[in-house]
J.: 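Input: one structure, supplied below.
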Amino acid sequence: MIIRQLLRGVFLPPVEFGSRSAVLRALSGMPHPKSVNSNTAIAGVADMTEFREVFSKAKHVAIITGAGVSAESGLPTFRAASGHWRKWKTQDLATAQAFSRNPSRVWEFYHYWRELAIRAEPSAAHRAIAECEARLSKQGRSVVIITQNTDELHRRAGSRHVLEIHGNLFRTRCLNCGDVETNHQSPICTALKGKGDPDPSCSDANIPVEDLPRCNQGGCDGLLRPDVIWFGETLDSHVLTKVEKVLDACDLCLLVGTASVVFPAALFAPQVAARGVPVAEFNIRPRAATSSSTYHFQGPCATTLPNALARHETEEI
């Protein structure tokens with residue numbers, strides 16, 4: 001499977017559409033867009049009634065979520081073309097090299113993001129997914145969320161089976177001893193209080209490294225970093241193995257609030273579709289030419305998803 005090929009791979013940044021298309025076709029067996037019969041494409045676009053019929057019979061549902069879900073909770077989509085913190089793009093900050101050069105700046109950025117996430121409320125899409133998981137669990141059916149988001153909003157909405165492939169904003173990892181801890185302190189350290197303003201006119205706080213978040217395990221006092229996956233870093237193989245099992249077992253896959261431009265998540269839906277499993281895409285963007293989805297529902301996830309996942313008379317009990 002595709003994920004097995006990636007267990008030794010690295011987390012890649014977004015790539016240009018043409019390059020991504022070629023990789024998707026090569027690894028997932030998708031036909032070149034020119035070879036897709038237009039009648040087949042039209043026939044593959046089903047309405048909500050048809051989707052609900054399929055959903056009502058699904059036993060194992062995989063839901064892949066991206067930044068669009070949390071954007072509806074007011075969190076910035078830093079990967080968007082306009083996504084900047086001060087003058088910096090995410091790719092300028094979310095790397096081990098950037099942290100090594102300027103840990104104060106990187107921690108300011110993540111402090112800003114953490115504080116936004118702490119104040120944010122789960123969106124209607126988060127809540128619809130959590131309600132769906134709880135309801136289907138009582139019926140002996142499963143729902144697993146595979147999320148690219150690091151903000152914990154799925155868990156706060158009530159979801160229990162969540163695989164965070166890019167890590168978690170509210171965990172830290174010590175660069176000295178490797179200890180990983182959950183940390184919801186606000187602020188995470190005194191020196192960061194009031195810092196992190198995203199305005200481009202703001203200057204770096206230049207916090208001394210000894211005043212940044214430090215490890216408190218056994219007197220280690222090592223510098224802490226956010227326990228998230230940065231550009232150029234390898235994804236957690238244990239998490240990817242769990243993702244692979246979920247994708248291999250699912251009989252319905254939902255792609256929610258993601259443009260699928262970050263690898264390896266961009267390959268998950270095509271992998272499922274290659275098995276002949278229906279894929280339903282919920283996205284504010286139009287259907288992409290290379291989309292492997294069976295169904296596409298355009299619009300805000302907070303509007304389209306609750307409607308799609310609501311209890312229906314055809315749902316098996």
J.: Kindly compute the distance separating CD (Q148) from CD1 (I229), expressed to the nearest 0.5 Å.
T.: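 Separation between the atoms: 12.5 Å.
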J.: Please list, chain by chain and in numerical order, all residues satisfying side chain to side chain donor-acceptor pair (under 3.5 Å) with T147, sequence neighbours excluded.
T.: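 T147 satisfies side chain to side chain donor-acceptor pair (under 3.5 Å) with T65 once adjacent residues are dropped.
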J.: How many angstroms lie between CG in L252 and OH in Y295, if you round to the nearest 0.5 Å?
T.: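 The distance works out to 8.0 Å.
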J.: With sequence neighbours left out, write down each residue that passes side chain to side chain donor-acceptor pair (under 3.5 Å) with N206, or none if nothing qualifies.
T.: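 Testing N206 for side chain to side chain donor-acceptor pair (under 3.5 Å), a comparison that skips the adjacent residues, returns none.
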J.: Roughly how far, to the nearest 0.5 Å, is the NE2 atom of H161 from the CD1 atom of I129?
T.: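 I129 atom CD1 to H161 atom NE2 measures 15.0 Å (nearest 0.5 Å).
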J.: Quick one: does D211's side chain have a donor or acceptor within less than 3.5 Å of a partner on P208's backbone?
T.: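 Side chain of D211 to backbone of P208, a donor-acceptor pair under 3.5 Å: no, none is there.
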J.: Got a donor-acceptor contact below 3.5 angstrom from the R311 side chain to the C132 backbone?
T.: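 Not at all, since once roles are kept as given, no pair shorter than 3.5 Å links the two residues.
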J.: Indicate the atoms forming the closest heavy-atom contact of L212 with S104, along with that distance.
T.: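 Closest pair (atom of L212, atom of S104, distance): CD1-N, 3.7 Å.
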J.: If I compare all heavy atoms of Q217 with all of D179, which pair ends up nearest, and what's the gap?
T.: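 Looking at all heavy atoms of both residues, the shortest contact is CG-OD2, 3.1 Å.
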J.: Do the side-chain N and O atoms of N307 and R52 include a donor-acceptor pair separated by under 3.5 angstrom?
T.: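 Their side chains do contain a donor-acceptor pair, which is all the 3.5 Å distance test asks for.
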J.: Which residues pass the side chain to side chain donor-acceptor pair (under 3.5 Å) test with T304, not counting sequence neighbours?
T.: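 Partners of T304 under the side chain to side chain donor-acceptor pair (under 3.5 Å) test: none.
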J.: Contact between S100 and T95 at the side-chain level, heavy atoms closer than 4.5 Å - yes or no?
T.: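 A side-chain contact is absent here, since even the closest heavy-atom pair is not under 4.5 Å.
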J.: Minimum heavy-atom separation for L309 to A128, with atom names?
T.: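 Looks like CD1-O, 4.0 Å.
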J.: Of all the heavy-atom pairs spanning L247 and A62, show the shortest one and how long it is.
T.: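 Distance-wise, the nearest heavy atoms are CD2-CB, 4.3 Å.
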J.: So, do Y110 and F99 have ring centers that fall under 6.0 Å from each other?
T.: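 Between F99 and Y110, which both carry aromatic rings, the centre distance is not below 6.0 Å.
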J.: Side-chain contact test, heavy atoms from C-beta onward, threshold under 4.5 Å: evaluate it for L223 versus N176 and give yes or no.
T.: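 In short, these two side chains do not touch, never coming nearer than 4.5 Å.
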J.: Is T241 reaching over with its side chain to a backbone N or O of S237, donor-acceptor style, under 3.5 angstrom?
T.: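 Flag set: sc T241 to bb S237 pair under 3.5 Å.
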J.: V239 versus I165: any side-chain heavy-atom pair under 4.5 Å?
T.: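 Touching, per the 4.5 Å side-chain cut-off.
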J.: Starting at CD1 of I118, measure out to CZ of R156 and round the result to the nearest 0.5 Å.
T.: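 Here the rounded value is 8.5 Å.
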J.: Who pairs with H184 by ring pair (Phe, Tyr, Trp, His ring centres under 6.0 Å), at least two apart in sequence or on another chain?
T.: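 Only F170 meet the ring pair (Phe, Tyr, Trp, His ring centres under 6.0 Å) criterion with H184.
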J.: So, E152 and R171, do they make that salt bridge, N to O below 4.0 Å?
T.: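 No, E152 and R171 are not salt-bridged.
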J.: Does the side chain of D248 reach to within under 4.5 Å of the side chain of Q271, using non-hydrogen atoms?
T.: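 Touching, per the 4.5 Å side-chain cut-off.
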J.: Search all heavy atoms of L224 against all heavy atoms of C215 and return the closest pair with its distance.
T.: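 Closest pair (atom of L224, atom of C215, distance): CG-N, 3.6 Å.
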J.: For S293, does its backbone N or O pair with a side-chain atom of R287 as donor and acceptor, under 3.5 Å?
T.: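 Between the backbone of S293 and the side chain of R287 there is a qualifying donor-acceptor contact (under 3.5 Å).
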J.: Do the side chains of V256 and I284 join up, straight or via other hydrophobic residues, at under 4.5 Å, putting them in one cluster?
T.: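 No: no chain of side-chain contacts under 4.5 Å links V256 to I284.
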J.: For T150 and H166, which I'm curious about, is there any donor-acceptor pair between the side chains at under 3.5 Å?
T.: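 No - no donor-acceptor pair under 3.5 Å links their side chains.
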J.: Spell out, as yes or no, whether a donor-acceptor pair under 3.5 Å connects the side chain of R160 to the backbone of E133.
T.: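 No, R160 side chain to E133 backbone: no donor-acceptor pair under 3.5 Å.
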J.: Strictly distance-based, threshold 3.5 Å: is any side-chain N or O of S70 a donor or acceptor partner for the main-chain N or O of A67?
T.: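 The answer is no, because no donor-acceptor pair under 3.5 Å joins these two groups.
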J.: Looking at W230, I'd like to know if the NZ or CZ of R225 sits under 6.0 Å from its six-membered ring centre while staying within 45 degrees of the ring's axis.
T.: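 Ring-cation test returns yes.
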J.: Measuring from atom CG of N102 to atom CH2 of W107, what distance do you get when rounded to the nearest 0.5 angstrom?
T.: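 Rounded to the nearest 0.5 Å, the CG-CH2 separation comes to 14.0 Å.
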J.: Is there a chain of hydrophobic side chains (I, L, V, M, F, W, Y, each step under 4.5 Å between heavy atoms) that links W113 to W88?
T.: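 Hydrophobic grouping puts W113 with W88.
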J.: Regarding R141 and the six-membered ring of F55, is the cationic atom NZ or CZ under 6.0 Å from the ring centre and inside 45° of its axis?
T.: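 Relative to the ring axis of F55, which defines the angle, R141 lies inside both limits.
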J.: Hey, are the side chains of F268 and I146 touching, using non-hydrogen atoms and a 4.5 Å cut-off?
T.: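 Answer yes - side chains close enough.
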J.: Are V180 and L240 linked, directly or through other ILVMFWY residues, by side chains that come within less than 4.5 angstrom of each other?
T.: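 No, because V180 and L240 fall into different hydrophobic clusters, even though each may have its own neighbours under 4.5 Å.
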J.: Would the distance check show the side chain of N283 and the main-chain N or O of T258 forming a donor-acceptor pair, the cut-off being under 3.5 Å?
T.: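 Present.
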J.: Walk me through it: do E210 and R214 pass the test salt bridge (Lys or Arg N to Asp or Glu O under 4.0 Å)?
T.: CA-CA 8 Å; E210 60 268 20; R214 312 293 299 193; over 6 Å; no
J.: Is a donor on one side and an acceptor on the other found under 3.5 Å between the side chain of E72 and the backbone of C301?
T.: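 Yes, the answer is positive, given that a donor and an acceptor are paired below the 3.5 Å cut-off.
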J.: Please test E131 against R135 for salt bridge (Lys or Arg N to Asp or Glu O under 4.0 Å), starting from the C-alpha separation and ending with a verdict.
T.: CA-CA 6 Å; E131 189 281 331; R135 186 176 82 246; 2.6 Å; yes
J.: Under 3.5 Å, is there a donor-acceptor pair linking the side chains of S201 and D199?
T.: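 Side chains of S201 and D199: pair found under 3.5 Å.
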J.: In chain order, what residues pass the ring pair (Phe, Tyr, Trp, His ring centres under 6.0 Å) check against H154, with sequence neighbours excluded?
T.: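 H154 satisfies ring pair (Phe, Tyr, Trp, His ring centres under 6.0 Å) with H126 only.
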J.: Can V143 and V61 be said to form a side chain to side chain contact (heavy atoms under 4.5 Å, CB included), step by step?
T.: CA-CA 5 Å; V143 173; V61 182; 4.1 Å; yes
J.: Test salt bridge (Lys or Arg N to Asp or Glu O under 4.0 Å) on R105 and D204; report intermediate values, then the result.
T.: CA-CA 6 Å; R105 178 187 296 151; D204 288 349; 2.8 Å; yes
J.: Which atom names give the shortest non-hydrogen contact between A302 and A124, and what distance separates them?
T.: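 What the structure gives for the nearest pair is O-CB, 3.6 Å.
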J.: Do any pairs count as a salt bridge (Lys or Arg N to Asp or Glu O under 4.0 Å) and have a residue in residues 106-119, sequence neighbours left out, and if so which ones?
T.: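 For residues 106-119: R86-E108.
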J.: Quick check for you: to the nearest 0.5 Å, what is the distance between E164 atom CD and D236 atom CG?
T.: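 With rounding to 0.5 Å, CD (E164) is 11.0 Å from CG (D236).
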J.: Keeping the roles fixed (side chain from S123, backbone from S73), state whether a donor-acceptor pair exists under 3.5 Å.
T.: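 A pair under 3.5 Å: no.
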J.: Do the non-hydrogen side-chain atoms of L153 and L75 ever get within less than 4.5 Å of each other?
T.: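 A side-chain contact under 4.5 Å exists here.
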J.: S159 side chain to V162 main-chain N or O, any donor-acceptor pair under 3.5 Å?
T.: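 No, because the side chain of S159 does not come within donor-acceptor range (under 3.5 Å) of the backbone of V162.
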J.: Among the clusters formed by ILVMFWY side chains lying less than 4.5 Å apart, do M48 and L254 turn up in the same one?
T.: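 As far as the 4.5 Å side-chain criterion goes, L254 and M48 are connected within one cluster.
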J.: Is any side-chain heavy atom of V144 closer than 4.5 Å to a side-chain heavy atom of I63?
T.: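 No, side chains not in contact.
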